[in-house]
Amino acid sequence: MTTGRTIALLDSLSWIFVYAGLFMVVIGLAVAGADATVGWSLGVVGALATTAGVVLIWLRSRLAAAGAKSAPTTPESKT
C-alpha cells in the first residue's frame, strides 16, 4: 500500500530528474563544440535522467490511481 509520503517523494524525485536531465543535455550541447566526448557524455547522461524522471511520473500516476481505487470508504466521507 502506498502512502501519501511515498507519492510526494516520487513527485519530488521525478521533477528533479526531469529538470536536471534537461539541464545536462543543454550543457552537453554547449560543451560539444569544445570537447565532443564530454559533450556527448553529458548529453547521454542527461537524456537518461530525463527518461528516468518521465518513468517516475508515470509510476507516480499509477500508484496514485491504485491508491484512490483501494481507499476504504468511511461513513464520514459519504456526507
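- Interatomic distance, OG of Ser61 versus CD1 of Ile7, reported as 10.0 Å (0.5 Å rounding).
- Linking Ile, Leu, Val, Met, Phe, Trp and Tyr residues whenever their side-chain heavy atoms come within less than 4.5 Å places Phe23 and Leu42 in a single cluster.
- Between Leu10 atom CG and Arg5 atom CZ the span is 12.5 Å, to the nearest 0.5 Å.
- Cluster membership for Phe17 and Val25, using ILVMFWY side-chain heavy atoms within less than 4.5 angstrom, is not shared.
- Under the 4.5 Å side-chain heavy-atom criterion for grouping Ile, Leu, Val, Met, Phe, Trp and Tyr, Val44 is not connected to Leu29 through any hydrophobic cluster.
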Would you mind writing out the side-chain donor-acceptor pairs for residues 50-59 within the sub-3.5 Å range, not counting sequence neighbours?
from, atom 1, to, atom 2, distance (Å)
Thr50, OG1, Leu22, N, 3.2
Thr50, OG1, Gly46, O, 2.9
Thr51, OG1, Ala47, O, 2.8

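- When the side chains of ILVMFWY residues are joined at heavy-atom separations under 4.5 Å, either directly or via intervening members, Leu9 and Leu63 end up in a single hydrophobic cluster.
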